[in-house]
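Lettering of chains follows the sequences in order, A, B, ..., and the numbering in each one begins at 1.
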2 protein chains.
Amino acid sequence: MEVKKEVTIYDLAKTLNYSPSTISRALNNHKSISKKTIKLVKETAEKVGYRPNNLAAGLRNNKSKTIGILVPHLNRPFVSTLISGIEESARKAGYNVLISQSYDEAEIEIANARTLYDSRVSGLIVSLAMQTELYDHFKQFTDQGIPIVFVDRVPKTYNSYKVIIDNYTAGYKATKHLIQGGCKRIAHFAGSQHRNVYEDRKKGYVDALKEHNLPIDESLIIPFKTLSFEEGEKATKKLLKMEQPPDAIFSANDTAAVSAILCAKKMGFSVPEDLAIIGFNDDPISKIVEPALSTISHPALKMGKISAKRILEHEQKEQDDLLTEVSVLNTEVIARASTRPIN
Amino acid sequence: MEVKKEVTIYDLAKTLNYSPSTISRALNNHKSISKKTIKLVKETAEKVGYRPNNLAAGLRNNKSKTIGILVPHLNRPFVSTLISGIEESARKAGYNVLISQSYDEAEIEIANARTLYDSRVSGLIVSLAMQTELYDHFKQFTDQGIPIVFVDRVPKTYNSYKVIIDNYTAGYKATKHLIQGGCKRIAHFAGSQHRNVYEDRKKGYVDALKEHNLPIDESLIIPFKTLSFEEGEKATKKLLKMEQPPDAIFSANDTAAVSAILCAKKMGFSVPEDLAIIGFNDDPISKIVEPALSTISHPALKMGKISAKRILEHEQKEQDDLLTEVSVLNTEVIARASTRPIN
DNA sequence: TTGAAAAATGCAATCGGTTGCAAAACTAGA
DNA sequence: TCTAGTTTTGCAACCGATTGCATTTTTCAA
């Protein structure tokens, strides 16, 4: 197959009788190049089909105008929307977006971090795998002054940007919402307590119970591995077969919550009368299930945009030693039919 | 902020008293380097924290071991799963994945194609924007021998790899499924007829009716712009208010189909008795809605993996002039509760 | 021991932009 | 017209890895 020779700034230089430096500067609107020259260069570049080689520029500058993303799973509503937000902001600023998924495994996360580093990303946006507990694989970025934004699932201690929601308050609000509906025995579908998001949601749940003088019943707090549909069904079955079943469930995600609704209905319980249920995330399924699932909003798109912004801004900043900088977004209870109206 | 100096092959060369060429070859397991040297080089590289610079290698080779993806929207179940499949295969082969979304606008698609080209992707995987009709922006890739895989939404004529399902047959099967359930007045939610997927689904629908001697009623074929929930509601309302409303709907996607179920129920029709409904894609919501939505499977993950494979294989191939090479995947009717059992 | 073939390694150019500094060209006031 | 200052442009090194070809080293049969 014949491959057309690509046009480089050297070709442009020859054509226009300028030096490559001038061409390069003209294309980048360098202030020391006259407007006349800039115009001429750009027009010619357009005409002859010149295309910049990002690899060359990236090599010279040791960064690639690329944001790396490291998430557990790409095909989840929250994550794919988060990425959509990142992509939108990045693209507007002329940045590319490299993606990778860890499948919630620390080992893969580590490998992917390496690869993204090797591609000299300008910044990294990470949502941690379920079981990641060591953060050494992020040090390579920090050492090179490459900004990292942890989003949603963040490490407790690592020094960097973070974009999160207030999971504690969200958990508190969700639980309080159930209490205000008259629920007294509230179960909780808890995610991995290694991850801040699930840990905090649970804490909010516990504190809401305490504040309303409801007992904490450990048998009502179900530890989940992945908060999957199947796990949700199993847990619901178990709960509803108890001698004294709960009258409500606060699930740490929507998937498990929806499975609880379906399972409860199948077992003859009515939702929300016998069992009120509230989820977390406002996934698309939460609007579709019947009764529609009350849940907690999760501003994925916005979190994505802010994460990207942090990286892009970082380029401008004076690189003092990087301090932790946390953005906390608002969430709210979305009351639908799966919980009882507030008294 | 202090930035640690990065280790290059030159540093390794100095340390080990070899030339950079030998280091490079050793790291790449070149056959002309002794196993002893390879071992030594690799161990030292590991020890001193050497990290390859993909930009440098990419510049030299004029390609970046990166697959570019161009899709309409990232946060849709089909697309995000497709990408997940691409990412998985690409990663295994040591390739990175660059993403971009066109928001279904040809103009953005063109701009993104440029950017991906400028990053010297090794291959491009595209699902076309709704209104794209000119394909000039793909020529730059073809001219450079960069393989393009069109997936799902593909151009009719462009010469390249294609990974699709048989939309015609799928549309035919979906319609036939309704007919076999006893439906006689079957409406169709049709997508943009510029895109093969929607055009072919409609053709399958039309032919199924014809073959079963059912009349084609143009008033039952509703043209959609985006097949959104809102559009679906509106269309359903309109249909059910007709003097002689349809007894079934074949929707070209699940979103509109689900909205039809909900809308029909709200209007007092029972599904599937009064109105049978079948969708397309097997999105997560289709399992959740009640009655559960019958639909057509869409092997997103597999399509992603195959698309990536096409790109990766292409690298090996003798680059004869690229011919069109089409992979057609199987789909099947997933019968759930929103359609009537087959007689 | 010698010579030729085979194996291992090195030289130097190359990929395409970017940029500090020097130099040239231009402007304007004296 | 001359000079100092300003604007514009060029020189050349550099980023880090790859690779064709030449050279050195090793191997082994004669």
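- One interatomic measurement links the two molecules: CD1 of Ile33(B) to P of dT23(D), which rounds to 18 Å at whole-angstrom precision.
- When side chains are defined from C-beta on, Asn28(B) does not count as touching Ile33(B), because their heavy atoms never get closer than 4.5 Å.
- The phosphate of dG16(D) (OP1 or OP2) has no side-chain N or O of Tyr10(B) nearer than 4.0 angstrom.
- For Asn196(A), the side-chain hydrogen bond (donor to acceptor under 3.5 Å, both in side chains) criterion is met by no residue, not counting sequence neighbours.
- For Ser19(A) and dG10(D), the shortest distance from a side-chain N or O to OP1 or OP2 is below 4.0 Å.
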- Run the numbers on Lys39(B) and Glu43(B) for salt bridge (charged side-chain N to carboxylate O under 4.0 Å, His left out), then give the verdict. CA-CA 6 Å; Lys39(B) 184 149 173 282; Glu43(B) 281 175 359; 3.5 Å; yes
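- Applying a 4.0 Å cut-off to non-hydrogen atoms, the residues of residues 20-32 of chain A that approach DNA chain C are Ser21(A), Ser24(A), Arg25(A), Asn28(A), listed by residue number.
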- Task: List the steps, then state whether salt bridge (charged side-chain N to carboxylate O under 4.0 Å, His left out) holds for Arg91(A) with Glu88(A).
- Result: CA-CA 5 Å; Arg91(A) 187 81 37 208; Glu88(A) 184 180 334; over 6 Å; no
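- Against DNA chain D, the stretch residues 47-66 of chain A makes heavy-atom approaches under 4.0 Å through Leu59(A), Arg60(A).
- In the displayed structure, Lys302(B) atom NZ is contacted under 6.0 Å by at most 12 heavy atoms of other residues, nucleotides or ligands.
- Within 4.0 Å (heavy atoms only), Asp118(B) reaches no atom of the nucleic acid at all.
- A 4.5 Å side-chain heavy-atom check between Val126(B) and Val71(B) finds every atom pair outside the cut-off.
- Ring planes of Phe138(A) and Tyr135(A): parallel class, angle under 30° (limits at 30 and 60°).
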- Given salt bridge (charged side-chain N to carboxylate O under 4.0 Å, His left out), test Glu46(B) with Arg51(B) step by step and report yes or no. CA-CA 8 Å; Glu46(B) 177 68 24; Arg51(B) 302 298 294 282; over 6 Å; no
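- The end-to-end axis angle of the helix from dT1(C)-dA30(D) to dA30(C)-dT1(D), rounded to 10 degrees and based on five pairs per end, is 50°.
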Pull out every protein N or O sitting under 3.5 Å from an N or O of nucleotides 4-6 of chain D, one pair per line with the distance.
none

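- For CD of Glu313(B), the number of neighbouring non-hydrogen atoms (other residues, nucleotides, ligands) closer than 6.0 Å is greater than 12.
- Two residues are said to be in side-chain contact when any heavy atoms from C-beta on lie closer than 4.5 Å; Ile69(B) and Glu87(B) fail this criterion.
- Running 5' to 3' along DNA chain C, contacts with non-hydrogen atoms of chain B at under 4.0 Å begin and end at dA8(C) to dG16(C).
- With a 4.5 Å cut-off on side-chain heavy atoms, Val79(B) and Gln101(B) do not count as touching.
- The closest side-chain heavy-atom distance from Ile146(A) to Thr142(A) is not below 4.5 Å.
- Two rings, from Tyr161(A) and His314(A), have their centers less than 6.0 Å apart.
- Around NZ of Lys162(B), the count of heavy atoms belonging to other residues, nucleotides or ligands within 6.0 Å exceeds 12.
- Shown here is His194(B), whose NE2 atom has no more than 12 heavy atoms of other residues, nucleotides or ligands within 6.0 Å.
- Residue Lys35(B) is in sugar-phosphate contact alone, with no base atom involved, counting any heavy-atom pair closer than 4.0 Å across all strands shown.
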